[in-house]
Amino acid sequence: MRKLSREELIELVVDDYFGKTDVNRLDEVLETMQPDVTFTIPTHDVHHAGRDTGIRSMFERLYQEHAAVWHGDFHHVVDVDEQWISSQFTVRNTEHDGSVTEKHNCNFFEVVDGKFSRVWVYMQGENTLN
């Protein structure tokens with residue numbers, strides 16, 4: 001099983017996951033995940049499972065419900081030995097009417113063999129990953 005370096009873990013989160021999310025490249029976003037990945041949003045008591053089923057549907061709804069999404073201003077805590085990374089960041093959701101909602105979230109990622117296996121999303125405000 002290959003372990004990612006600190007830099008690779010950050011790149012996986014910032015460039016491969018959030019970077020591709022922000023430009024609606026869903027298939028590439030899904031490539032960052034194990035097939036049996038789970039997303040849990042404890043702040044809204046929501047759970048999604050399965051890269052090609054529950055997670056794909058979650059992202060399709062996100063893209064349909066917003067004109068654009070942006071993630072940035074990252075701060076990370078990385079555990080290379082355990083292959084964990086937590087990321088605090090700003091989210092800007094542009095609505096179809098042009099209004100923008102800004103939130104500050106924190107995600108925790110477990111990585112197995114170079115891909116996300118479990119993700120926890122602590123989200124401020126309204127749930128956009130329903």
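What you see is a predicted model; the values in this text were computed from it and never measured.
Residues Arg92 and Asp22 are not paired through a salt bridge, judged by the lack of any N-O separation under 4.0 Å between the basic side chain and the carboxylate.
Proximity of Thr128 to Asn93: side-chain heavy atoms (C-beta onward) are separated by under 4.5 Å at one or more points. Counting only heavy atoms from C-beta outward, the side chains of Leu26 and Glu60 approach each other to under 4.5 Å. A heavy-atom distance below 4.5 Å is found between the side chains of Val69 and His71. Here the side chains of Ser87 and Ile85 are in contact, with some heavy-atom distance below 4.5 Å. The side-chain heavy atoms of Thr32 and Tyr17, taken from C-beta on, include a pair separated by under 4.5 Å. You'll find the side chain of Asp16 stays beyond 4.5 Å of the side chain of Glu28, heavy atoms only. Side-chain contact between Thr40 and Tyr122 is absent, with no heavy-atom pair separated by less than 4.5 Å.
The line from OG1 of Thr43 to CD of Glu126 is 12.0 Å long, rounded to the nearest 0.5 Å. Annotation: the span from His66 atom NE2 to Arg61 atom CZ amounts to 12.5 Å, rounded to 0.5 Å. Atom CZ in Arg25 sits 13.0 Å away from atom CG in Leu30 (nearest 0.5 Å). For the atom pair Gln83 CD and Glu8 CD, the distance stands at 8.5 Å (nearest 0.5 Å). In this structure, the separation between CG on Asp73 and CZ on Phe89 is 11.0 Å, given to the nearest 0.5 Å. The distance from the OG atom of Ser86 to the CG atom of Leu9 is 11.0 Å, given to the nearest 0.5 Å.
Judged by distance alone, with hydrogens and angles left aside, the side-chain atoms of Ser99 form no donor-acceptor pair with the main-chain N or O of Glu95 at under 3.5 Å. Put simply, the side chain of Lys103 never gets that close to the backbone of Thr90: no donor and acceptor are under 3.5 Å apart. Judged by distance alone, the side chain of Gln124 and the main-chain N or O of His104 form a donor-acceptor pair under 3.5 Å. Of the possible polar contacts, none joining the Thr38 side chain to the Ala49 backbone as a donor-acceptor pair under 3.5 Å is found. Of the possible donor and acceptor atoms, none in the side chain of His44 sits under 3.5 Å from a partner among the backbone N and O of Leu129. A distance-only check finds a donor-acceptor pair linking the side chain of Arg51 to the backbone of Met33 [under 3.5 Å].
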Without placing hydrogens or testing angles, list every side-chain donor-acceptor pair under 3.5 Å for residues 107-116, not counting sequence neighbours.
unit_1: Glu110; atom_1: OE1; unit_2: Ser117; atom_2: OG; d: 2.7
unit_1: Glu110; atom_1: OE1; unit_2: Arg118; atom_2: NE; d: 2.9
unit_1: Glu110; atom_1: OE2; unit_2: Arg118; atom_2: NH2; d: 3.0
unit_1: Asp113; atom_1: OD1; unit_2: Arg2; atom_2: N; d: 3.3
unit_1: Lys115; atom_1: NZ; unit_2: Glu31; atom_2: O; d: 3.2

When you look at Val91 and Glu102, which way does the side-chain contact (heavy atoms from CB on, under 4.5 Å) test go after all the steps?
CA-CA 6 Å; Val91 181; Glu102 183 172 292; over 6 Å; no
Take Trp70 and Val100, measure what side-chain contact (heavy atoms from CB on, under 4.5 Å) needs, and give me the verdict at the end.
CA-CA 10 Å; Trp70 175 87; Val100 176; over 6 Å; no
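Follow the hydrophobic side-chain contacts under 4.5 Å out from Ile10 and you never reach Val77; the two are in separate clusters. Side-chain heavy atoms closer than 4.5 Å link hydrophobic residues (I, L, V, M, F, W, Y) into clusters, and following such links, even through other members, never connects Phe18 to Val23. In the hydrophobic clustering of ILVMFWY residues, with side-chain heavy atoms under 4.5 Å counting as a link, Val37 and Trp120 come out apart. Under the 4.5 Å side-chain heavy-atom criterion for Ile, Leu, Val, Met, Phe, Trp and Tyr, Leu12 and Phe59 are members of the same hydrophobic cluster.
None of Asn105, Val121, Val119 except one satisfies the side chain to side chain contact (heavy atoms under 4.5 Å, CB included) rule with Ile41; the exception is Val121.
You'll find the ring centres of Phe39 and His48 outside the 6.0 Å limit.
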